[in-house]
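See below for the structure under consideration.
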Amino acid sequence: MTFSELNIDQDMVQALADKGIIEPFPIQVQTIPLALSGQDIIGQAKTGTGKTLGFGLPIIQRLGLDPAPGVQVLVVVPTRELCVQVSEDLETASSNRNTKVVSIYGGKAYEGQIEALKAGAQIVVGTPGRLLDLASQRLLSLANVSEMVLDEADKMLDLGFLADIEKLFSQTPSTRHTMLFSATMPGPIVALARRFMNRPIHIRATDPDEGLMQANIEHLVYRAHNMDKDEVIGRILMAEGRGKTVIFTRTKRAAAKLVEELGDRGFNATAVHGDLNQEQRERAMASFKAGKKDILIATDVAARGIDVDDVTHVINHTIPEDEKAYLHRVGRTGRAGKTGIAVTFVDWDDMHKWTLINNALDFGTPVPMETYSSSPHLYTDLNIPAGSKGRLRASPIRETAASAARTGGAGRTGGAGRTGGAGRSDSARSGAGHSGDQTGSRPPRSRTRVSPTTNPDAPTAGTTASTHDGGGAEHHDGNSAPRRRSRTRRHAPQAGTPS
DNA sequence: AAAAAAG
């Protein structure tokens, strides 16, 4: 399948090809023909599988090659960084035609945004606050919007955003074409969404028996009590083969503290969260994307949509609030067919949250919660005293952690790294183990291993669709979370889990 | 309950 076969205009096919984008993803194959025909769509697909172009190409094409000036497309997103990214993607796709894209978001000077609107930009990508701000000042008119998209739609229709979104909808013509996209679409949100849509079709670009969790992400979960978390994270950051890494914290303060701590330890880390000014935020994102920094410490501001190549690890310094947040966070890795590793630390007070997440999502095989021991022997192969700071120089340890999880070994994991990682057949590290720069700034390496948590027999593509015709919603996905792949698995609490 | 989103 090609974009041409999907009836995408040649100028866009060329613009994509120039960026190395040749073959459409399943969600694009499913949505593009319907979207081109003006069908309202609720599009659900796994993280990192091309939702942005799934709605981007059709809306650009429906504007025509040389559209009249003035705002005709409105794309609303939940964060400023995602706003920048989506604008860039749409700009890339439309680079060979006379269409102008403007991004409208807060924390930034009004000037440029207002000028771009006055210059006749047709496509607006924005965050709710600034959009309404400019609209109320009569600097932005939504009266001629014919295409409206909510990206991360379940988030946009959540309580924190809903009132603003309703206002935006009310300022656009009711005849508009409306599309909603996200990896997660809880049933109640789908029902709510229908108020703003005209007989939408719900597309789930995944096998009906499959959830929406990426299968090519390996999940490791550790109890965090009695643990020097910073130290253990430091060890994971020195894993052989680690590329870019995103570390999520629960609070802005924790993110600020951790970036200091890791900086002290010689890591190449930067942070993005709401306590930073917009310039700092954008500088952090740019240096992470460019690879100048290989560790990004973030609050949930970066949990959704952010697309950075070669993120090999996501670390949940604090467990996310619910299964949706977990899915979006870990979805920063394992994108566009690549593999990824997600490490989650579970604090004592949060043990129940892991149970909820584990039950709501489907990991293919159960994910055991392990103890990543903080015993001093773990540090002996690092040649540093436990708890000391300073630049760590270590043998690879990712396999140490992973094999502990696989073999169910609680406790003495320290020697595994030296002996070659019991039970791992994929490791090339025995030879490469002690070489190379260990400061955390080396370039990412490609990984070919298939996650052991993946069921290789599970189908990976396919689509189910159902129309919303105003009737009951119970014949389609009413779940608040991706569906379980296996009904047989019931979670016995892991040993040591409070029950 | 935190974070996000206007200033």
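Just so you know, these numbers come straight off a predicted model, no measurement behind them. Below, read A as the first sequence line, B as the second, and so on, with proteins coming before strands; counting in each chain starts at 1.
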Contacts of A:Phe25 meeting ring-ring contact (aromatic ring centres under 6.0 Å, His included) (sequence neighbours excluded), chain-then-number -> none

Indicate every side-chain donor-acceptor pair of residues 111-120 of chain A with a distance under 3.5 Å to a residue at least two apart or in another chain.
{"unit_1": "A:Gln113", "atom_1": "OE1", "unit_2": "A:Arg130", "atom_2": "NH1", "d": "3.1"}
{"unit_1": "A:Gln113", "atom_1": "NE2", "unit_2": "A:Tyr105", "atom_2": "O", "d": "3.0"}

On DNA chain B, reading 5' to 3', which nucleotide is the first and which the last to sit with an atom under 4.0 Å from a heavy atom of chain A, could you check?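 Under 4.0 Å from chain A, the extent on DNA chain B is B:dA1 to B:dG7.
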
How is [X] classified with respect to the nucleic acid when contacts are heavy atoms under 4.0 Å: base, sugar-phosphate, or nothing?
| X | value |
| --- | --- |
| A:Gly106 | sugar-phosphate |
| A:Asp300 | nothing |
| A:Lys155 | base |
| A:Phe248 | nothing |

Strand contacts (DNA chain B) in residues 272-285 of chain A, 4.0 angstrom heavy-atom criterion: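 Residues of residues 272-285 of chain A under 4.0 Å from DNA chain B: A:His273, A:Gly274, A:Arg281.
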
Suppose the criterion is ring pair (Phe, Tyr, Trp, His ring centres under 6.0 Å): which pairs have a residue in residues 141-170 of chain A, not counting sequence neighbours?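 Residue pairs passing ring pair (Phe, Tyr, Trp, His ring centres under 6.0 Å), neighbours aside: A:Phe169-A:Phe196.
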
A:Thr178-A:Arg176 side chain donor-acceptor pair, cut-off 3.5 Å: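 A:Arg176 and A:Thr178 do have a side-chain donor-acceptor pair below 3.5 Å.
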
Sequence neighbours excluded, the answer for salt bridge (charged side-chain N to carboxylate O under 4.0 Å, His left out) partners of A:Asp40 is none

With sequence neighbours excluded, what pairs up with A:Asp307 under the side-chain hydrogen bond (donor to acceptor under 3.5 Å, both in side chains) test? A:Arg335

side-chain hydrogen bond (donor to acceptor under 3.5 Å, both in side chains) involving A:Gln61 - partner list, sequence neighbours excluded: A:Asp9

Please output the side-chain donor-acceptor pairs of residues 131-146 of chain A that fall under 3.5 Å, not counting sequence neighbours, one pair per line with the distance.
{"unit_1": "A:Asp133", "atom_1": "OD1", "unit_2": "A:Gln137", "atom_2": "NE2", "d": "2.8"}
{"unit_1": "A:Asp133", "atom_1": "OD2", "unit_2": "A:Tyr110", "atom_2": "OH", "d": "2.4"}
{"unit_1": "A:Ser136", "atom_1": "OG", "unit_2": "A:Leu132", "atom_2": "O", "d": "3.4"}
{"unit_1": "A:Ser136", "atom_1": "OG", "unit_2": "A:Asp133", "atom_2": "O", "d": "2.8"}
{"unit_1": "A:Ser141", "atom_1": "OG", "unit_2": "A:Ala143", "atom_2": "N", "d": "3.2"}
{"unit_1": "A:Ser146", "atom_1": "OG", "unit_2": "A:Gln72", "atom_2": "O", "d": "3.4"}

